[in-house]
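Down below is the structure, laid out as structure tokens.
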There are 2 protein chains.
Amino acid sequence: MEDIRDNDGAVTADDVAAAAGVSRWTVARAFKKDASISRKTRDRVLAAADTLGYVPDLSAASLASDRSNLVALLTNDFNNPHKLVLLERLTRMLWGRGWGTLLVHMSESEDASAALMAASQRRVDAAVVIGTRYDDTLLETALGARRVKKLVIFARYSQNPNTLTLACDDELAMRDIADHLLDKGYRRPVFLAGPDTQSAKLLRKPTFTSYWQQRTGTEVPAIHADAYAFDPAIDRVCAMLSEAPAETRPDVLVCENDILAIGAMDAIRYRLGLRVPQDIAVTGFDDIPLCASPAYGLTTYRQPITQLAEKLLDVLEGTQTENVFLPGRFVAREST
Amino acid sequence: MEDIRDNDGAVTADDVAAAAGVSRWTVARAFKKDASISRKTRDRVLAAADTLGYVPDLSAASLASDRSNLVALLTNDFNNPHKLVLLERLTRMLWGRGWGTLLVHMSESEDASAALMAASQRRVDAAVVIGTRYDDTLLETALGARRVKKLVIFARYSQNPNTLTLACDDELAMRDIADHLLDKGYRRPVFLAGPDTQSAKLLRKPTFTSYWQQRTGTEVPAIHADAYAFDPAIDRVCAMLSEAPAETRPDVLVCENDILAIGAMDAIRYRLGLRVPQDIAVTGFDDIPLCASPAYGLTTYRQPITQLAEKLLDVLEGTQTENVFLPGRFVAREST
DNA sequence: TCATTTTCTGCACGCGCGTGCAAATCGCTT
DNA sequence: AAGCGATTTGCACGCGCGTGCAGAAAATGA
């Protein structure tokens, strides 16, 4: 297979201009919404463009102007299916509104600034860190020198003032979950969280434990898996439960996300031979497709991804300049 | 939050040139591998660039040259976690070698050419269709007029001569699976495939059925789920098994991928109350993380993603111009 | 030391399009 | 038919860097 394009050079605005009998700039106007151009000329130009197969070159456009209509999507933790949902929604909605999406892998080991730097070399209008923790200082460094104009934290929290946060309201979410559990009569929760790092960017654990404390007056013990993956969750849950006598055993595991919750269910059922929810109930967070399967039926909480993505578009277009926290939707299933 | 960059304009090669006391072109050389430049000057330039925080602007570079080092990744079917693995591997390896990845969503309903066209506006050096079926004619149209230079089909098959295919060798894979099933004594397989479209780009069904026919002389019946998702698989499997008396029931379901296989297992266990593998065994394809969980333990086949990604790099760099089919690895678990 | 090769550096030009303004054209009124 | 404002069109300049070549500097050999 060799290079395919038949007419060796790409067709430019000049070609279209010649074909339509106008100037190159008029061609540009024809493609620009709300440009000052007469209906007739625009139609003629677009017709010519269509027969010639012309589409404006956005690289050149971004060089000439100072916006690229390109957004960098930075993420890691590629083993959580929820990321796929986030990516799908974001790319679909962004492209639909004329934004290109540059997918960048922030490997855990290396630093986030390397990823940001790579993105900045492509003149992105904004960088969106998707559902993943990151190191504030590194980003600050990266932002100082580079040409990333906006930095958005999506589906996580950041206190960095140079940053815009778009996320599900974890406080409301954890209240819904806690209220549901109290209704159902659960009294001895244990919180299963991910790695206990300083830059954890989820408020689920603190908001749940403080609300539970407030409603019941009792503390919520927490345990931490080494990573957001099945096996670490299984190991951690086994370690905890195999020590505890049945009487003091927790009656529900509140998990920071669905991956941990599913690992917890597997541990409870297949390692410890107990039943969910009769012996121990489990809740998750995110509502990944697997939650609905008959094998799990996991009670969980769905983030308002579409609305958040719409807010992201507002941010990109400059009409949203404040942090956003939106309520999601509690989803009750058989695991509680 | 407003635009962050402190020094309002980005720093350009000219600035670095002035700081290092050389010309702008020498700065460019310092950043270009194998460029004709003395060791000393390069070090000086790079030092200056470092203190100024300069990085070459790849947009401008791609305008000036005719390569962008940008690759468009086209995909759909965002509910298969295997896509996440593919995306992760590809983005990580491509960025690692200096390629940017533009993620484009090919919605099922609309046509692939719209996605390709969007990508072509960004001067991509190649478009990679990832693990998804597509319509040949649409791509052909899109390729005719646009400036996509190379079109690669990744993890699927295409007969289009303008296209380069990089995929797992489905024939070897299905032989491994069939041999394993025959060893284990299974004799009445049914093949569970995805939607029965004309442009299906997987050879798993035909290769399995013909090899099974060859080894046993018996036909393999096939059924088709309406989509590659849990529920369609569950529905289809229930529909088939509830009609069949236990004697003529299949003893193994060979599934086109893991998603279908997991749906099949759920149907067998939770809808029909049968056991896997005692009553019916199941095999999948892809080895998504869930396969290893104790709840499923799915026998499956792992595609050689890393090697395929390496081949993709060769394709991009021009050293690979032929289709590639690589063997993967059979993974036996408890579901057979 | 000088001539010759080899290595290194500078430069004119262009990639395709956006911006902002000036010139041209149109539509309407009197 | 002239005149005025509103609308539409054309254009010089620059965005930041790559290419290919010519000239300068350094390295080599006798």
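Each chain gets a letter, A, B and so on, in the order its sequence line appears, and its residues count up from 1. Given the structure is predicted, the values throughout are model-derived calculations rather than measurements. Note that these values count all heavy atoms, side chains included, but never hydrogens, waters or copies made by symmetry.
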> From D:dG18, D:dT9, C:dC17, pick the nucleotide closest to the side chain of A:R29?
Replying inline: D:dT9
> Between D:dC17, D:dG18, C:dG16, which nucleotide gets closest to the side-chain atoms of B:T12?
Replying inline: D:dC17
> For the side chain of B:R123 and the base of C:dG16, is some donor closer than 3.5 Å to an acceptor across the two?
Replying inline: no
> Does the C:dT19 base have a donor-acceptor partner in the side chain of A:W25 within less than 3.5 Å?
Replying inline: yes
>> I need the NZ-P distance between B:K32 and D:dC17, as an integer number of Å.
In response: 14 Å
> Pick from B:L313, B:V152, B:V315: which one makes a side-chain contact (heavy atoms from CB on, under 4.5 Å) with B:Q320?
Replying inline: B:V315
> Just wondering, do A:T75 and A:F154 contact through their side chains at under 4.5 Å, heavy atoms?
Replying inline: no
>> Heavy-atom nearest nucleotide on DNA chain D for B:D14 versus A:T41: which residue maps closer to 5'?
In response: A:T41
> Starting at CZ of B:F31 and ending at P of D:dG16, how long is that distance when rounded to a whole Å?
Replying inline: 16 Å
> In whole Å, what is the span from the CZ atom of A:R122 to the C1' atom of D:dG16?
Replying inline: 15 Å
> Does A:T26 make a side-chain N or O approach to OP1 or OP2 of D:dG10 shorter than 4.0 Å?
Replying inline: yes
> Looking at A:T101, A:T91, A:L102, which hits side-chain contact (heavy atoms from CB on, under 4.5 Å) with B:L102?
Replying inline: A:L102
>> Which heavy atom of B:G21 sits nearest to which heavy atom of B:R44, and what is that distance?
In response: O-NH1, 4.4 Å
> Is there a side-chain contact between B:L151 and B:V129, using heavy atoms and a 4.5 Å cut-off?
Replying inline: yes
> For B:S62, which contact category applies under a 4.0 Å heavy-atom criterion: base, sugar-phosphate, or nothing?
Replying inline: nothing
> Starting at CG of A:D66 and ending at C1' of C:dT19, how long is that distance when rounded to a whole Å?
Replying inline: 10 Å
> Taking atom C1' of C:dT6 as reference, at what distance in whole Å does atom CZ of B:R39 sit?
Replying inline: 20 Å
> Parallel, tilted or perpendicular: which fits the ring planes of B:Y157 and B:F325, with parallel below 30° and perpendicular above 60°?
Replying inline: parallel
>> In this structure, how many angstroms lie between the C1' atom of C:dG14 and the CG atom of A:L63, rounded?
In response: 12 Å
>> In whole Å, I'd like the distance from the CG atom of A:N69 to the P atom of C:dC17.
In response: 15 Å
> Between A:K150, A:K311, A:R97, which is the residue that forms a salt bridge (charged side-chain N to carboxylate O under 4.0 Å, His left out) with A:E317?
Replying inline: A:R97
> Which nucleotide sits closest to the side chain of B:A64: D:dG10, C:dC15, C:dC17?
Replying inline: C:dC15
> From C:dA12, D:dC17, C:dC17, pick the nucleotide closest to the side chain of A:A60?
Replying inline: C:dC17
> Should B:S38 be listed as having a side-chain N or O under 4.0 Å from OP1 or OP2 of D:dA26?
Replying inline: no
> Mapping B:S23 and A:S65 onto DNA chain C by nearest heavy atom, which one lands closer to the 5' end?
Replying inline: B:S23
> Which heavy-atom pair separates A:W99 from A:R67 by the least distance, and what is that distance?
Replying inline: CH2-NH2, 3.4 Å
> What is the nucleic acid contact for B:S59, judged by heavy atoms within less than 4.0 Å: base, sugar-phosphate only, or nothing?
Replying inline: nothing
>> Expressed as a whole number of angstroms, how long is the span from A:R24:CZ to D:dG14:P?
In response: 15 Å
> For the helix from C:dT1-D:dA30 to C:dT30-D:dA1, how many degrees between its two end axes (five pairs per end), to the nearest 10°?
Replying inline: 30°
> Contact class for A:I37 vs. all strands (heavy atom < 4.0 Å): base, sugar-phosphate, or nothing?
Replying inline: sugar-phosphate
